[in-house]
Visitor: 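Just dropping this structure here.
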Amino acid sequence: MQSQNHPMMKSMTVVVVGGGVVGFSTAVCIAEALPYCSVTLIADRFTPDTTSDVAAGILICSPFPDIPLEQQQRWFKETIDHLLAIAQSEQASEAGVLLSSGWQIHKELPVDKVPFWSAFVLGFRIMTDRELKRFPDHKFGQAFTTVKCECSNYLPWMEKRFRKAGGQVVKQKVNDLQELSSQGYDVIVNCSGLGAKSLVGDSQVYPVRGQVLKVQAPWLQHFIRDGEGQSYIYPGMHSVTVGGTRQVDDWRLEVDPEDSQDILERCSSLEPSLSRARVLGESVGLRPSRKNVRVEREMVLLGSRQVPVVHNYGHGGWGVSLSWGTALEALGLVRKCLHERPPRARL
C-alpha cells in the first residue's frame, strides 16, 4: 500500500452525502486518488432504491444552458471513456456495463443535427433514407453505438470498489449539513440529488418524474429513442426498458397505470413487436433536475467553524451520462480544499 509512507496518512477526512451513481462515482474517485483521506459515504437509500436504479443508463446527453460546452463535452467524454474501459474488461457483466447500438429519431429536423457528444460515442452518423423507412412519422435520425450502464449492477460493483479503496459506507438520513459538524470532517461533498432541495435549501432543484416498464423481449437488439426523449426502447442485459414520462414538478412515486398504457402504445408504434412482450415490472424515479448541474465549492459555517463543501448534483436525466466526469471535477475541488486547509490541532 503506497500510502504507508505518506506524511498525511489518513489524516484527512472527507464525507460524501448521496448513494446514487453520482455519489458513488465521486466517493470512488476521491478514495482511489487520495489514499491519505479517510472517505465515508452516507446515504439514507442505496441500490435498488435509488433514482439511478430506475434509469435506463444509456449514455447520451442534452446540453445545460449556462455551462461551457467544452466542460460538458469533457464530462461526457471522461464518463464514456471510463465506462468503455469497463465494457471491454472481464468485469463488464458484473458491473452491468455493455455496448448498445441503435437510433435516435426525430419528427422534425433538430437544431443540432450533430450533438455535442457525438464525437465520443462510436460510429456516429446520420441515418439513411432506407433506415428511416422503418419510422414513417420521423424525418431525421442519428445512428450510433454508445454505452448502457445498468445501475442495479453498477452501484453494488462501485460500492465494492469503494470499500476496496478503504471507503466506509453508513446508512443514515442527513437532514441538514449541521448534523455533520460534530464529526469534524475536513471536506463535505454534497451529491444528494433531489435531496439538495432540503439539505442545502436549493430552490432551483425540482423533480421530473419518469416512469418506465421492464419487458421481456430478447429479440430486440437495438435501442430506439425518440429525439425528444419522451419515448424510448433500450434493450439491456436481462430485459428491455421502455419509457417514459417527463412530468415536471411531479413528486408521485407510485406507478400510474395510465402512464404505463400510454408508454406501451407509444413504444409499440415504434416497434410493433413490443405489443407481444411480457411486462416484468414497472418503476418510477424522480430525476433531480436543475437548470444547470451544480459542480462547485463553497465555505459553510457549521457549528463554530468554516467547512468547505463541494457540490455535485442537479444532473437531471443525465446522472449516469455525466457521473464520472463530474466526479473527477469534484475530486479536483476536494484536492483544492484540502490543499488550502490550515492544519488542525489534533488533541
Side-chain angles (χ1 to χ4, degrees), residues 16-29 41-61 75-76 78-87 89 91-100 146-163 167 169 171 191-195 207-215 223 225 229 232-245 253 255 280-289 293 312-327 330:
V16 178
V17 182
V21 68
V22 173
F24 266 107
S25 299
T26 307
V28 166
C29 276
L41 182 143
I42 299 182
D44 61 331
R45 286 181 309 158
F46 292 93
T47 185
D49 304 317
T50 74
T51 304
S52 305
D53 286 286
V54 181
I58 200 106
L59 263 74
I60 49 167
C61 201
W75 290 343
F76 185 86
E78 286 170 345
T79 305
I80 198 167
D81 286 355
H82 159 77
L83 290 169
L84 276 170
I86 297 170
S89 77
Q91 302 275 316
S93 63
E94 192 194 336
V97 181
L98 55 144
L99 291 179
S100 183
T146 185
V147 174
K148 187 174 190 298
C149 173
E150 309 206 338
C151 284
S152 50
N153 279 55
Y154 185 63
L155 286 173
W157 184 79
M158 285 292 268
E159 180 174 341
K160 225 159 96 174
R161 186 167 156 178
F162 175 58
R163 289 181 188 272
V169 177
K171 187 174 165 76
C191 301
S192 58
L194 199 53
V208 176
R209 182 179 177 277
Q211 182 165 318
V212 298
L213 295 91
K214 295 261 196 265
V215 301
F223 72 79
R225 179 183 195 266
Y232 48 80
I233 301 160
Y234 295 133
M237 288 171 77
H238 311 293
S239 59
V240 178
T241 302
V242 295
T245 62
L253 277 167
V255 168
L280 301 170
E282 303 160 287
S283 47
V284 174
L286 305 179
R287 302 175 184 92
S289 299
V293 65
N312 183 11
Y313 67 87
H315 296 66
W318 314 120
V320 177
S321 298
L322 301 174
S323 55
W324 196 255
T326 57

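Along the sequence shown, residues carry numbers from 1.
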Visitor: Name all residues meeting the side-chain hydrogen bond (donor to acceptor under 3.5 Å, both in side chains) criterion together with Glu159; count only those two or more places apart in sequence or in a different chain, and write none if there are none.
Guide: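 With sequence neighbours excluded, Glu159 shows a side-chain hydrogen bond (donor to acceptor under 3.5 Å, both in side chains) to Arg163, given in chain and number order.
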Visitor: How far does SG of Cys149 sit from CE of Met158, to the nearest 0.5 angstrom?
Guide: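 Taking SG in Cys149 and CE in Met158, the distance rounds to 8.5 Å.
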Visitor: Between Leu98 and Val147, is any pair of side-chain heavy atoms under 4.5 Å apart?
Guide: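 Heavy-atom side-chain distance check fails, nothing below 4.5 Å.
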Visitor: Assess whether side-chain contact (heavy atoms from CB on, under 4.5 Å) is satisfied between Ile58 and Tyr232, documenting all intermediate values.
Guide: CA-CA 11 Å; Ile58 200 106; Tyr232 48 80; over 6 Å; no
Visitor: I'd like to check Trp318 versus Thr326 (side-chain heavy atoms, cut-off strictly below 4.5 Å). Are they in contact?
Guide: no
Visitor: Under the criterion side-chain contact (heavy atoms from CB on, under 4.5 Å), I'd like the reasoning laid out for Tyr154 against Glu150: C-alpha separation, chi angles, the key distance, then a yes or no.
Guide: CA-CA 6 Å; Tyr154 185 63; Glu150 309 206 338; over 6 Å; no
Visitor: Determine the minimum heavy-atom distance between Pro288 and Thr51, stating which atoms define it.
Guide: CD-CG2, 4.5 Å
Visitor: For Gln211, give me all partners under side-chain hydrogen bond (donor to acceptor under 3.5 Å, both in side chains), at least two apart in sequence or on another chain.
Guide: Arg209, Ser260
Visitor: Test of understanding: with side chain to side chain contact (heavy atoms under 4.5 Å, CB included), list the residues that count as partners of Leu253, not counting sequence neighbours.
Guide: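 By the side chain to side chain contact (heavy atoms under 4.5 Å, CB included) rule, Leu253 matches Val284, Leu286.
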Visitor: Roughly how far, to the nearest 0.5 Å, is CG of Leu155 from CZ of Phe46?
Guide: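 If I round to the nearest 0.5 Å, the distance is 10.0 Å.
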Visitor: Measure the OG1-CZ distance between Thr245 and Arg287 for me, rounded to the nearest 0.5 Å.
Guide: 6.0 Å
Visitor: Tell me if a side-chain donor or acceptor on Ser321 pairs with a main-chain N or O of Cys61 at a distance below 3.5 Å.
Guide: no
Visitor: Not counting sequence neighbours, which residues clear ring pair (Phe, Tyr, Trp, His ring centres under 6.0 Å) with Tyr313? List them please.
Guide: His311
Visitor: Could you tell me whether the side chain of Asn153 and the main chain of Ser93 form a donor-acceptor pair under 3.5 Å?
Guide: yes
Visitor: Mind checking salt bridge (charged side-chain N to carboxylate O under 4.0 Å, His left out) for Lys160 and listing every partner two or more places apart, or none if nothing turns up?
Guide: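 With neighbours one apart ignored, the set is Glu94.
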Visitor: Indicate the atoms forming the closest heavy-atom contact of Ala43 with Gly18, along with that distance.
Guide: CB-C, 3.9 Å
Visitor: Quick check for you: to the nearest 0.5 Å, what is the distance between Ile233 atom CD1 and Phe223 atom CZ?
Guide: 11.5 Å
Visitor: Rounded to the nearest 0.5 Å, how far apart are CD1 of Ile60 and OG1 of Thr146?
Guide: 8.0 Å
Visitor: What pair of heavy atoms forms the shortest contact from Ala327 to Cys29, and how long is it?
Guide: CB-SG, 3.8 Å
Visitor: Residues two or more places apart in sequence or in another chain: which of them pass side chain to side chain contact (heavy atoms under 4.5 Å, CB included) with Val293?
Guide: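 Val293 satisfies side chain to side chain contact (heavy atoms under 4.5 Å, CB included) with Phe64, Ile67, Trp75, Val295, His315 once adjacent residues are dropped.
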Visitor: For Ala56, which residues count as a side chain to side chain contact (heavy atoms under 4.5 Å, CB included) partner, sequence neighbours excluded?
Guide: Tyr234, Thr241
Visitor: Roughly how far, to the nearest 0.5 Å, is the NZ atom of Lys214 from the OG atom of Ser152?
Guide: 6.5 Å
Visitor: For Thr79, which residues count as a side chain to side chain contact (heavy atoms under 4.5 Å, CB included) partner, sequence neighbours excluded?
Guide: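 Thr79: side chain to side chain contact (heavy atoms under 4.5 Å, CB included) contacts with Leu59, Leu83, Ser323, Trp324.
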Visitor: Shortest non-hydrogen contact from Ala330 to Thr26?
Guide: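 Taking every non-hydrogen atom into account, CB-CG2, 3.9 Å.
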Visitor: Got a sec, which residues hit side-chain hydrogen bond (donor to acceptor under 3.5 Å, both in side chains) with Asp53, two or more places apart in sequence or on another chain?
Guide: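 Only Thr47, Thr50 meet the side-chain hydrogen bond (donor to acceptor under 3.5 Å, both in side chains) criterion with Asp53.
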Visitor: What residues form a side-chain hydrogen bond (donor to acceptor under 3.5 Å, both in side chains) with Asp49, not counting sequence neighbours?
Guide: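 Partners of Asp49 by the side-chain hydrogen bond (donor to acceptor under 3.5 Å, both in side chains) criterion come out as none, since no residue qualifies.
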Visitor: Write down the atom of Ser100, the atom of Lys148, and the distance for their closest heavy-atom approach.
Guide: CB-CB, 4.2 Å
Visitor: For a quick test of reading the model, state the closest non-hydrogen atom pair linking Pro156 to Cys151 and the distance between them.
Guide: CD-O, 3.7 Å
